[in-house]
Amino acid sequence: MDSNLRAEGSTGATDERSLAELSKSLANQTSQLAQKEIELAKAELALKGKRLGIGVGAFGGAGLVGLYALGALTAAAILALAIVLDAWLAALLVGVLYGAIAGVLALVGRQKVEQATPPVPEEAIESTKTDVQHTARRAKEARS
């Protein structure tokens, strides 16, 4: 008996594949699809990692230069306040102000980091969900 089954009433131009062939084809396609999804996730994470590295480097450079500027401005603020206050009190006031600013920045930074984590390959996940739904739909149609 021929391994390909012919549909009743067909013209013979199209052969229906056996269930075993369809299962084998589904397994192969599923395996290939999973590999492609993994490759997509890797590529997406690599791109995000590269962008993150460049951004962190830029922030590091900006922070260093900003630190030098802050030192100069601190000296200027203390010297200006020392005109009307004792020098130690002027330095204390500037230090307390910087402490308050640092606290606010730390809270904002923590909030932003929490929003950015975990770094997930969102496009790959959505694509995989769509593929699973499509495969399930096709399998259900094949059973009908």
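What you see is a predicted model, and the numbers here were worked out from it, not measured in a lab.
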Pairwise distance [atom1]([X]) to [atom2]([Y]) - rounded to 0.5 angstrom:
{"X": "Leu33", "Y": "Leu40", "atom1": "CG", "atom2": "CG", "answer": "10.5 Å"}
{"X": "Ile83", "Y": "Ile78", "atom1": "CD1", "atom2": "CD1", "answer": "13.0 Å"}
{"X": "Ile101", "Y": "Leu70", "atom1": "CD1", "atom2": "CG", "answer": "8.0 Å"}
{"X": "Lys129", "Y": "Glu126", "atom1": "NZ", "atom2": "CD", "answer": "5.0 Å"}

Can you get from [X] to [Y] by hopping between Ile, Leu, Val, Met, Phe, Trp and Tyr side chains that sit under 4.5 Å apart?
{"X": "Val96", "Y": "Leu89", "value": "yes"}
{"X": "Phe59", "Y": "Leu105", "value": "no"}
{"X": "Trp88", "Y": "Val84", "value": "yes"}

Only counting residues at least two apart or in another chain, list the ones meeting side chain to side chain contact (heavy atoms under 4.5 Å, CB included) with [X].
{"X": "Leu22", "result": "Arg17"}
{"X": "Leu79", "result": "none"}
{"X": "Arg51", "result": "Leu47"}

side-chain hydrogen bond (donor to acceptor under 3.5 Å, both in side chains) contacts touching residues 65-77 (sequence neighbours left out):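 Those involving residues 65-77 are Thr74-Tyr98.
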Sidechain-backbone polar pair: Glu21 side chain, Ser18 backbone, donor-acceptor under 3.5 Å: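 Yes, Glu21 side chain to Ser18 backbone: donor-acceptor pair under 3.5 Å.
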Glu37: partners by side-chain hydrogen bond (donor to acceptor under 3.5 Å, both in side chains), with sequence neighbours left out: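 Partners of Glu37 under the side-chain hydrogen bond (donor to acceptor under 3.5 Å, both in side chains) test: Ser127, Thr128.
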Results of side-chain hydrogen bond (donor to acceptor under 3.5 Å, both in side chains) for Thr30 - residues two or more places apart only: none
Residue Lys48 excluded, over 12 heavy atoms near NZ under 6.0 Å: yes
Side-chain touch Leu93/Leu85, heavy atoms, less than 4.5 angstrom: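 They are in side-chain contact.
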Non-hydrogen atoms of Ala82 and Ala90 that approach each other most closely: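 Looks like N-CB, 3.9 Å.
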